[in-house]
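This report refers to the structure that appears directly beneath it.
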Amino acid sequence: MRKVLVLILVVAYGFAFAQTEVRVWHMEQPPYRVERMQELIDAFNAANPDVRVVQEVQNWGDVVPLALGAVRARIQPDILFTIPDFTVTMRATGAVQPVTELAERLDEEHGFLDAAIDPYTYDGEVWAVPMYGMVMSLWYRADVLEDAGIDPPSTWEELLEAAEALTGDGRYGIGIPGSRSLYTDQVIYNFMITAGAEDIFDEDGSIRFDNPETVRAFEMYERLYQYSPPDSVNWIWGDAEAAFAAGQVPMIVQFTVITTFDQQTDEPADNLQVVTIPVPEEGGQRGNIYYSNAAMILTTDEDRRDGAERFLAYLLEPETYGRFLTMEPGLFLPVTADGQDAATFWEDPLVVAYGAQVETMIENSQYGALFGFTTGQVFDEIGPISAQNLLSQVVQQMVVTGLSPEAAVQWGQREMEDAAP
Amino acid sequence: MKRIIVRLLPNWVLVALLLVLVFAPFYWIAISSLKTPPEVIRYPPTLVPQTFTLQNFQKLFASTDYPRYLLNSLTIALGTTLITVPMATLASYAVYRLEFPGRFLLLRLLVGTYVFPSILLLIPLFQIMAQFGLINSLWSLVVVNVTFTAPFSVWLMRAFLESVPYELEEAAALDGADFFQVLWYVIFPILRPGMATISIFTFITVWTEYPFASQLIIEHAKRPLPVGLASIIGQYQIDWGLLAAGAVFMALPVVILFAFVGRYFVEGLTAGALKS
Amino acid sequence: MHRRRAWLAFALLAPLCIWLIVTIVIPIAYLVQLSFTTTGIFGTAAEFAGLANFQRILGSERFWQSARNTLVWVIGNGLVQVTLAFTVARLLYRRTAFTRFMQIWIILPWVIPGVAAVIIWRWMLSGIGVVNYGIQSVGLVDAPISFFAQPSIAMATTIFVNSWRWFPLLTVILLAALRNIPTELREAAMVDGATENQTWWHVVMPLLRPVLYVLGLLGTLWSANVFDVIWLLTRGGPSGGTATLPIFIYEEAFTRFRLGSAAAASLFMMMFLLVFVVLFLQYGWGRDLRRRR
């Protein structure tokens, strides 16, 4: 009898102090981002002895098959960082758990921006907790433009003129990618938004990619692309930044260049300037791509779910949120109202040095849109359309294969119609 | 005209070109890994390094789990070898030394399997492994690597088997040894070089296998070396110094191995190939 | 005696045969089954789809582009590798300390992981890479070449990198075959007044046929199977210009989430290769060797 009692006590003790492991997958690969994440995790683990959060770093290039495989083998992470289209893909596996309650609670506390939470709200639930926003802008070297007597461009024509004028002497006027990648998807989509072609689905879910506005955006891209370096056909984010830092191109369309510029050049901070994406002279609209990055919960285990919820809530606390966002200063923008004022964000040395640029980005985030998530409805086709980077493939049909913008867009329409799983 | 040029080209020019083609890439990656970041991306490139640093290797060890990947690769290689070598040796003895109905057909089928495009198995094997809970287990890679190495190993063994005189077997049998004793005491010792060749071939196959390792293993901690280090090919930034260090450390273990056994392996491989 | 031996043979062969049945035959059967179904993204239920997957593949522009690319890839790799291997084997034919060293170490590119080879060549071929520097400083070109910018250039580059990895294996085998040829034969030909080239073409080459025959078959199938070098170098781009069938199959399954049609494409690829093997065995250079056995 006593033995049984002791056993029960031991088991109870074990349960009370058993640590729940919460596994987090994210795609923020640069070593200093991983390091900052680990600092936050360590602090959380110290404050929550019953939970042990561990991070695993993946790559956007192959996370889709890996995550699907993990679900298939039932070893999926408990928290998976995501972007809206990835959530659509993952939801088809049935592993994504709704986080409506948690999102509502956090919304009351911190106030989510609509643009951040809307892409994850459909079918009556919220499917991921917004964590940070990313917005694209036109970055330029102030001194180079000044020397050439060029004002920062605000319209398509001005942008073309500037790119042309700045090309020469081993320098290219602008760097825009022609690769098959998420990066190219993102850059071309900026031009689609400003041309008024932000919707790729109709209300009923049919593809409306092939329309005059889209063609106009691709025409612009083709004209601009001739002032971009020949190897931009392989570029992803890092290459564009490297070319910008090396002075090969004085203008790029990118989320941020602050860290690279600060670390790899000796230029003063105000030599790096940023403006909103130029708009067409006629019939254009201000806008840019806005990515709401979020975190999905993939566990059905109660303890793990509890741990995961607490960890996400912890990251969004203003005291920690700023430190989370500044793992890449100026790239990750707050998705909460109180996050926008968080001292921990604005105190970061790089945010201090590049304060004006960061403010421009935050302002731009009000004009954000994301392909496939513009109409308030979400269609499954966006999963494969994004996973195979179809927008960038249309760009390649134009700049590599040599199709006219009209024909390339028609090709894209067919491929998108064919994308239904 | 072309022929004349070719004839006029002294052999040593061709030899020099050959050396450059084969070894210059290794030289280049080695010195790149030892340069400081500014020098790595300096243009024009410096053919002899002007700076020296080990920081790329420090970074490699800090940002990846190199020892773990190495251990995983070695574990898979060992597991695969332990299955492939006995299985292939026995099978090889049977098909090349024994008479049985259907022998010729079986040989044909074996040839069929070692030229079988392995990529076709990726999808079904993934599904099957998932059924058996083998996804994310090193065993799954042992299983597929045995499939890739065993049939070819049977064939490699042929040349070694043919070096065993029949008389030897017969003599042993006359001395009263039963079949398994003959196999164990007479045949196997002579086949040791062949088994060594198979082992090295297996090791190299495991060492270089990529598509299955990248699909069947989910977690970092279980990745073998090529897949583990492929993740240093960054998406947001490209750090050539780090990549060079990674490539050096992927090549290094085989270079060390080859310094010891390269000669035997090449001899074994070519002996097998010539008997075809 | 014979009967006992047959029984023994089956016993010795059993482990290998069972292994191969489980890991090749059953998966192929599963592949066939999969090709008649549509599945959603992994793990969701399969529905019978009849021939829809096969129709889809046959009507897919990308599939035919990949099939053409595979043909170019296989022929390109064959030509480059055989040329390189022959040149090098001829150079290393004489036995010296140097050739002994080379015979072992030349195989180095083949034994390093494809990932390492890809990193090395991506670095050397980049815009600020040493290759561009080299060809610019000797005046071959004025501006850096973008080795992956156009489909045809990217294909050539990828073939080159893959050949760099594989030709050493060919070289080593050819070299061994060459040394197997009795020197007297060549000397006799030379005495009869044949030039060195004539000796090569008329005496040496015919004797190499058995080896070349096997290498032709194996090499073709092995290069058709290459995945990692292409995937890591170009991901099949630009514009699908370097997407061979393995890349197509992989993408169909893992980025377009269509396991059924990926399975159908796999079966087509298997069929193409079978047709090749049959044609090669029937009409290939050296088919007469088979009869001799």
Side-chain angles (χ1 to χ4, degrees), chain B residues 11 14-15 18 22 25-26 28-29 32 41 43-45 87-88 90-91 93-94 98-101 113 115-121 123-125 127-128 143-144 146-147 150 179 204 207-208 210-211 225-226 229-230 233 240 243-244 246-247 250-251 254 258 262-263 266 269-270 273-274 276, chain C residues 2 5-6 8-10 12-13 15-16 19-20 23-24 27-28 30-31 34 87-88 91 103-109 111-116 119-121 123-124 128 130 133 168 172-173 176-177 180 210-211 214 217-218 221 224-225 227-228 232 246 249 253 259 262-263 266 269-270 273:
Chain B
N11 268 359
L14 280 174
V15 170
L18 161 72
V22 176
F26 290 99
W28 191 246
I29 207 73
S32 297
I41 57 166
Y43 193 88
M87 205 158 81
L90 293 178
Y93 182 84
L98 301 178
E99 288 289 330
F100 58 93
T113 50
V115 297
F116 189 80
S118 57
I119 194 83
L120 301 188
L121 295 174
I123 294 162
L125 272 181
Q127 303 291 323
I128 292 169
V143 170
V144 296
V146 169
T147 304
F179 176 71
I204 291 168
W207 194 254
T208 54
Y210 181 83
L225 204 66
L229 286 193
I233 303 178
W240 286 116
L243 284 171
M250 273 189 258
V254 265
F258 254 60
R263 194 157 68 89
V266 170
L269 193 69
T270 49
L274 290 187
S276 50
Chain C
H2 256 316
R5 283 278 152 122
L8 270 172
F10 290 131
L12 296 182
L13 279 166
L16 180 70
W19 191 284
L20 295 179
T23 56
I24 295 185
I28 294 299
Y30 184 71
L31 199 65
L34 209 55
T87 317
V88 174
L91 277 179
Q103 198 188 350
I104 297 163
W105 287 103
I106 196 176
I107 210 163
L108 206 54
V111 294
I112 61 166
V115 181
I119 290 176
I120 292 172
W121 283 103
W123 171 217
M124 302 219 320
I128 55 164
V130 67
Y133 169 70
V172 172
I173 294 175
N180 246 14
V211 174
V214 172
L217 187 64
L218 290 193
L221 294 167
N225 196 19
F227 175 80
D228 54 352
L232 292 166
I249 293 166
L259 285 186
S266 303
M269 177 173 169
M270 207 153 77
L273 294 179

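Here is how names work: the chains are called A, B, and so on, in the same order as the sequence lines, proteins then strands, and each is numbered from 1.
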Using heavy-atom distances under 4.5 Å, tell me whether [X] contacts chain C through its side chain, its backbone, both, or neither.
X: B/Leu18; answer: side chain
X: B/Leu98; answer: side chain
X: B/Val15; answer: both
X: B/Val144; answer: neither
X: B/Trp240; answer: side chain

Looking at every non-hydrogen atom in both residues, tell me the closest pair between [X] and [Y] and how far apart they are.
X: B/Ala94; Y: C/Ala9; result: CB-O, 3.7 Å
X: B/Ile123; Y: C/Leu259; result: CG2-CD2, 3.7 Å
X: B/Pro226; Y: C/Val115; result: O-CG2, 3.7 Å

Looking at C/Phe227, C/Trp19, C/Tyr30, which makes the most heavy-atom pairs under 4.5 Å with chain B? C/Trp19

Quick check for you: among C/Ile107, C/Ile28, C/Asp228, C/Val130, which has the greatest number of heavy-atom pairs under 4.5 Å with chain B? C/Val130

Return the set of residues passing side chain to side chain contact (heavy atoms under 4.5 Å, CB included) with B/Ala244 (not counting sequence neighbours), or none when no residue passes. B/Ile29, B/Ser32, B/Ser33

Side chain from CB out, backbone as N, CA, C, O: work out which of these in [X] comes under 4.5 Å of a heavy atom of chain B, or both, or neither.
X: C/Val172; answer: both
X: C/Tyr133; answer: both
X: C/Ile24; answer: both
X: C/Ile106; answer: both
X: C/Ile120; answer: both
X: C/Trp105; answer: both
X: C/Leu108; answer: both

Hey, does [Y] have a side-chain heavy atom less than 4.5 Å from the side chain of [X]?
X: C/Ile104; Y: B/Phe258; result: yes
X: B/Thr208; Y: C/Val111; result: no
X: C/Leu12; Y: B/Tyr93; result: yes
X: B/Leu229; Y: C/Ile119; result: no
X: B/Ile128; Y: C/Pro27; result: yes

Do you know which of B/Val143, B/Thr147, B/Leu121, B/Val254 has the most heavy-atom pairs with chain C at a distance under 4.5 angstrom? B/Thr147

Do you know which of B/Leu120, B/Leu225, B/Val266, B/Leu125 has the most heavy-atom pairs with chain C at a distance under 4.5 angstrom? B/Leu120

Once you measure the plane-to-plane angle for C/Phe10 and B/Phe100, does it fall in the parallel (<30°), tilted (30-60°) or perpendicular (>60°) bin? perpendicular

